[in-house]
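Here the structure is laid out as structure tokens; the discussion comes afterwards.
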Amino acid sequence: MSKSIKTSSSNPHYTRRRFLRDIGIGAAALPFLGGLESLYEKAEAATAAAAVPKKRFLFMYSPNGAIYYNWRMRVPGQEHTLDIDISDGVTGFTPTNFLLKPLAPNAKKLLVVDRLSWISARQTYQTSTTAPDHITHTGGHQKGMGSLLTGGVLIGGDGSFGNDGLADGVSVDQVLAAQLFSKSPIPSLEIGVQVDENLKDRYVDKRVSYNAPVGNVPQPRTPQNDPFQLFARVFGNTTGNAGSGASSMRAFLDKSVLDATVADFTRVQAKLSSSDRILLQQHSDSIRKLETQLMAPAVSCAMETPPSGGGFTPASDPAATKKWAMTPANFPTVGAMQMEIAVQAMACGITNIVTFMWANSENDLQYPWLPIPYGNGAGMTTSGHHGMSHARDPNLVTIDQWYAKQFGSMITALDAIPDSGQTGSVLDNSLMMWSSCLGDASSHFSDNVPIVLAGSNGGYFKQGRLIRMNDTYTAAQWTGDPLGPESTYNNFIAAEDKARQGDQKTIGSPDLSNNDLLVTILESFGLDPATNADAFKPFQDARFYKGPLTNLKKT
Amino acid sequence: MVSLRALSVDAVGRALDWYVAEAARSASARPFPLEAVRALRAALGGSVAWTPSLFEASLAFGAVMHRMAQVAPEAPACNVGDVLVALPPPSDAPAWAFDARVDAATFAKLGFAATSAGIARVRENNAAGWASHAEQARAFIEAAAQRCPRRALAVVLGAGSGFDVPIAALASTFDRLVLVDVDRATVEAAVAALDATSRARIEIRAADLTGVNRALLATVDDLVASASTAADARTKIEAHVRAYRLAEPPAIFAPGERPDLVVSSCVLTQLAWPARAHAQDALARRFGAPFDDERSWAQAWAELELRMQQDHIASLAGAERAALVSDAVNHLTALDASGTERTTPRKVSPLGVETLLERVPRAFRVEAHARWWWPRHRPHGHEPGSLMSVEGVILFRHSPARRSTRFLVSDSTRSGTGPRTRSKNSAGSRPIPFVHHRLGGAMKLGAIAIAVGLASIGCTGSVGSNGSGGGAGTGGGLGQSNGGSGSAGTNGSGGTTSAGNGGSNATGGSTGSTPDNTPPLPGTSVVPQPTWRLTNVEYGNSVHDLLGLSTGLTVPLDPDGASGGYNAGLGAGDATIEAYHAAAVEIASQAMANVATLVPCTSAQITSMPAMCAAKFIDAWVPKAFRRPMDADTRTGLVNLYTLVSTQFGFNAGIQSIIEEVLQSSYFLYHLELEEEAQPPGKVAVTGYSMASRLSYLLWSSTPDDELLTKAGAGQLSTTAQIGAEVTRMLADPKAKIGLRNFYRQWLRVDSMMVSKTGKYATLYSQATQSSILASFDAQVDAALWATSGGLTTLLNGKQGFADANTASIFGAAAAGATGATLTPFTYDAHRAGILAHPAIMSTFATSNGTHPIKRGVFVWDQVLCQALPAPPPDVPTFDGPQPNESVRQAFTRFTLPPNSSCPACHTKIDPVGFLFESYDTVGAYQTIDDYGQPVNTDVTVVQAVDSSGNPDTTLNVETPDAVAFANNLAKDTAVPIQCLVQQLYQFALHRTLKDADAPVLAGLVQGYTKAAQSLPTLLGGLTQTESFLYRANVQ
């Protein structure tokens, strides 16, 4: 995060005259310009975007679950002050193989949530009689991906595997974008690092963000894998990079062309069946959104050049640049660039909503830059990430610790930037969330999914804690049956160790869900279930939703 | 009149004879095991004793023959209904007495009072859904009434409250209306609500339509009471239930009574379950415990149900005409998180078969057939809902002019074993193009269905009922055919999606809206589809052809979605629109370099008359880009845009804005079929400009040329002959090769070649090498598939390769002559043959630094044989890589095959095929030592391949030393690969997986391609003559 960020404490008032100057036309031309008045109003409205709340949401996805043994909080009880170097004397466990260890420097800003489940992902199989422990769990990559931010069931329905459909609802980031941030220069930003672009197989594994379905058609949002394209989109309309005469003509052309295009869509729609009409309406709505973005006044907070590509300069052929960005060896470089753009975009107020995907579920990426002994021979690892996750390969800890470190670097960066006009840092007025599609990687359960929150979102969340959700056990009760409510804590650990060795037993099936968390997130942004009922409804499916997680709040 | 049973016995006999003869003639064409057929024939003929185990096989045979009739027109008509009618008595026990009287005790045991209350509640909760069904059922029955020339008497069986029967209308149409139901009170209440005139014509009769319930329930009660254990009781009940037999079809009409119309609406599925429910209750009351093993129980009751239903259908023959309506398939639905109802893949078939047509025996002629869907239950909370398909048939008693003289068995005794004559029909007839995998799956599925008590005979995932023919005949005009509601001809229902076990390629990234989940219009193979966007390849090619840009598209677009296993332009999102915008800006600015060639004006004219030149440009270029004429408003909009922009920034900017607009407009981006979509719902012929686009995007993957548009405008793309002629011209154009590339790169999956390799392969596998590999691949496929004969065979085992300097080292010494930058043809050495081992495919199905036999094996099964494997389970154990001194093959063997593995079910099939390719490393170079330093062993025995009729494939299932031998085996009998190629091309063309109704169409295409010595133009030409290509399905 080496780039300095130019921030401006006062928004320059964007006058009608300045607007006309920017698009390169004088008063004399006005009579020819039908529709300009509305365009002007739109620009004014965009300038009034100061009304956008100063809160932010960044979701970071990392693939293929984790080894629960190395993730879970080894302390009894409901809540614990977060002290990352937890040493409880349990054999076989040392802080060095604790997955969240790299987040130690950020401990005070973290809220670690243990034992929450993607219940809507668990829902679709319900093979209780065949599950070895009689818990209706399973899950699977694709269902976790679909459930993550939507809290819903895949459109493919019961028993569907990867190919059979996308998630079936709106994701929480898009609810926030629509409800609160539609006037941000970029209402939401979807960022990817080598998210697979072949959508013929397992499309659902490659998306976390969804607009509301149109009719019954899911609306996944594509993450941008190319940091140069992403940079152009985010910072292309900042005063640091635009404002030349050419861009004035560009703005005028964009405006005129897109207006004409929308008119053309409207005419065609009238000739179509209702389902096709909806399809084209969606398209033309997106054109309108793009137009609003393009016409929005330049933001005076900029990153003037793209982040360093480790010596790579973009080729004149964008396809070659894209290929570079998709080459596995460049994964950490591209990731660092994407993170830098994400952080600066949020700090500048260009966007308040980011979903950030490290690759996609079921990817088989190798991480040669990490100390993992790839190769042939005893104790060596031949497979990529997905294969390793099946194998419960201990090197998965190394991988997940690397992702923890990336998450930590974004926390640190956002925490270093004072939030103009607000108390505290940008981080303090944000909610960051890191999670995955699965809980325990090898068993593919959707239970006990690792979740790390960071930032208090303007004082809503109480940080510096880990919370074991829905865990009614107290230390005194841990006696008897290793998996029952009478289990001793040590027995509990023993049972977990057994599970780790492939016994396939889980440690119980908590019944609080991501739906509960997603609703809590909406509330943390100041949305009110009573007055914004539509925003909440998608997550309140009674099968999965119990209620907001009040114990995450600052009391 | 010939008895019902005689007709069916005759039909089954003919079918068995035909089948045996056909199977003897064509060793590779057996969707049903010959031994099973022989056993059936012997048992039906009485030469061996009938055993209950033959029941299942005989049903499966009926299902196979029913479908055979659509594939092979000369196959004798025979279906499940015939088989059920023709079955010999299940035991030597005397036939059951038919007694339709209802007494109070039986009525109470049948539990109708509670059922009626339950139905009323469900109906109340979902009034709209039930009303939609009732309306359609009533309209269908009224249509049947209209067909009756004489209208003296109508009888409604199971009239109930008359909710889905037009009682008042029937009462006014017929002189007399008899309503029959087991529940007299309910009917009386319904009739009481009618006017006096109607009431006067109505007679109510209480009757148990099964005629056996009273005795059956009494026996069940006795058996339960006298048994000492639950198991004992159950065994006895099962045996009793299996012995069901009526001497004659139920006598449901009064003696001497021959109604002009009999109506049976949703009665079939109500016949047997009340007795079964009562038996289960009685057992539970007496012994408490629920069943621990339901299989034989369910099977026995399923048999009873099927026989009872068939007897009911037979009883309808007592009337002149029958309207039979029944539940066919029930898709369960569930609420999603947003509260929207969705169908789930789970379905049950209440009738025991997928289509009602399969149950109508030979004694009837089907006058009309209709199918409709209705939401029977709305889901709430955890409770699933159901979306039910209902079918109706109007039946007419068949009186064959020519009485059959040949009986398999005499109608009245089981003793006759007379000599069987071989059917004359079969001798010398053409081979049958079986679509094997569906038919093969039928038997298994039948068995499964019986096991779970649904008695769904071989229908799930099977090639269904009659589809349309293989397209309109050459020379005929494409008529307007509005196949909307109600009934149309005797051609069958569409059936349901057949992805899954059946072997279709289940790789569609389907979403709720894609046609993979949508049934075809009734009686057709035409599926309602969304208006597709151009795929990115189509976009790039179109821009190239419209603007002549040599560099093509350089701005990456939003990735394509997928449908039917191939890229498809699904709905657009924000990222799509942003990418289109960026692309339009970039392309338009590049195009301005050739503005002089684009604008039909001299530079002097542009200077002096810019507005006129702009108008000329708009008039000349935009219709090409839109693929149809501009309407006046659109033209005005574009002229205004030009004026607005050029006033400020001059002529060039104005032209640039037009190009930008057009490239982002719906006319350009969507495959609009405006003229056709404007017509009423139903099946609509695609002609004119829409047909021009269909042709050019199928054959060229690009925009139509001037000639196509001219012909479209002149109405010269209206008949199949005109379309055929145009296809011939288009296939001669070099663009056809480019177009087909779009297909085969996706088919063989090289469109997702890895972008880099690691370790010792990193340097060799540069971007330049990747391009060269792909060029070599294209050249080899082009040379093979476009050859005038033997295209697919050559593709599979041809010896000619193409290399340049980048790829020469991968191909080895044989390609040593390729030292330059251009592709040089060379002859493969003994280690290589055909396309499957090509570096493009080998490097796609590999890891970044090693081989991957599983990926390669799965690829061959899915894409080359179309014998698709199920998706791996979610928690498969893992591959931990070779141990020291272990080869890749040994490691995978240890891991995935017995004795160590728990997943041999798929891997015994996958692994051998994958191991064949172990001699090609991660970039496709030949190797004898694998990446772990171990010698490569490719010798395997391929197992579980099936031939084109679903039998074990004797050509492939052999010991196979290496991939070259495998390629040669594939090329020996190309029936399977040809079928697969045709299926894949069809899915590509239509953006959807196969439906039941596609089976005959595919069979025709397979036959055409085979006959024409594997000529690609014949195949593509045939594809453009299929119903699915020639028509669209309009929806509301």
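So you know, we letter chains A, B, ... as the sequences are listed, proteins then strands, and number each from 1.
Ser657(B) and Val257(A) get closest at one heavy-atom pair: O-CG2, 3.5 Å. What you find for Pro556(B) and Gln229(A) is that their closest heavy atoms are CD-NE2, 3.9 Å. Across every non-hydrogen atom of Pro328(A) and Ser756(B), the tightest pair is CD-OG, 3.0 Å. When all heavy atoms of Tyr670(B) and Leu279(A) are compared, the pair lying nearest together is CE2-CD2, 4.1 Å.
When Leu674(B), Asp633(B), Val1035(B) are compared by the number of non-hydrogen pairs under 4.5 Å with chain A, Asp633(B) comes out ahead. Comparing Asp751(B), Thr758(B), Asn1034(B) by heavy-atom pairs within less than 4.5 Å of chain A, the highest count is held by Asp751(B).
For Leu669(B), the part sitting under 4.5 Å from any heavy atom of chain A is the side chain, from C-beta outward, and nothing else. Contacts of Ala263(A) with chain B are absent, with no heavy-atom separation under 4.5 Å from either backbone or side chain. Neither the backbone nor the side chain of Glu676(B) comes within contact range of chain A, judged by heavy atoms closer than 4.5 Å. Proximity to chain B involves both the backbone and the side chain of Glu197(A), based on heavy atoms less than 4.5 angstrom apart. In this structure, chain B has a heavy atom under 4.5 Å from the side chain of Leu258(A), while its backbone stays farther away. Of the two parts of Leu272(A), the backbone and the side chain both hold a non-hydrogen atom closer than 4.5 Å to a non-hydrogen atom of chain B.
Rounded to the nearest 0.5 Å, atoms CG (Leu199(A)) and OG (Ser563(B)) are 12.5 Å apart. If you take CD on Glu291(A) and NE2 on His581(B), they are separated by 9.0 Å, rounding to the nearest 0.5 Å. A distance of 8.0 Å separates CG of Leu294(A) from CD of Glu578(B), quoted to the nearest 0.5 Å. Atom OH of Tyr667(B) sits about 6.0 Å away from atom CZ of Arg267(A), to the nearest 0.5 Å. The CG atom of Asp285(A) sits 9.5 Å away from atom CD1 of Ile577(B), with the distance rounded to the nearest 0.5 Å. Here the OH atom belonging to Tyr374(A) is positioned 9.0 Å from the OG atom belonging to Ser848(B), to the nearest 0.5 angstrom.
You'll find the side chain of Thr576(B) stays beyond 4.5 Å of the side chain of Ser286(A), heavy atoms only. Between Met249(A) and Gln648(B), every side-chain heavy-atom pair lies at or beyond the 4.5 Å cut-off. You'll find the side chain of Gln664(B) stays beyond 4.5 Å of the side chain of His283(A), heavy atoms only.
The backbone N or O of Thr531(B) lies less than 3.5 Å from a partner atom in the side chain of Asp276(A), making a donor-acceptor pair. Asp264(A) places a side-chain N or O within donor-acceptor distance of the main-chain N or O of Ser666(B), the cut-off being under 3.5 Å.
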Q.
One pair to check against side-chain contact (heavy atoms from CB on, under 4.5 Å): Asp364(A) and Thr847(B). What are the steps and the verdict?
A. CA-CA 9 Å; Asp364(A) 219 19; Thr847(B) 66; 5.6 Å; no
Q. How far apart are the C-alpha atoms of Asp254(A) and Val585(B), what are their side-chain angles, what is the distance that settles it, and do they pass the side-chain contact (heavy atoms from CB on, under 4.5 Å) test?
A. CA-CA 9 Å; Asp254(A) 283 345; Val585(B) 170; 4.2 Å; yes
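Residues passing the side-chain hydrogen bond (donor to acceptor under 3.5 Å, both in side chains) test with Arg533(B) are Tyr580(B), sequence neighbours excluded. Partners of Lys271(A) according to the salt bridge (Lys or Arg N to Asp or Glu O under 4.0 Å) rule, which considers only residues two or more places apart in sequence or in another chain, are Asp631(B).
If you run side-chain contact (heavy atoms from CB on, under 4.5 Å) between Asp574(B) and each of Gln282(A), Arg221(A), Gln219(A), Gln293(A), only Arg221(A) comes through.
With salt bridges taken as basic N to acidic carboxylate O contacts below 4.0 Å, none links Glu661(B) and Lys255(A).
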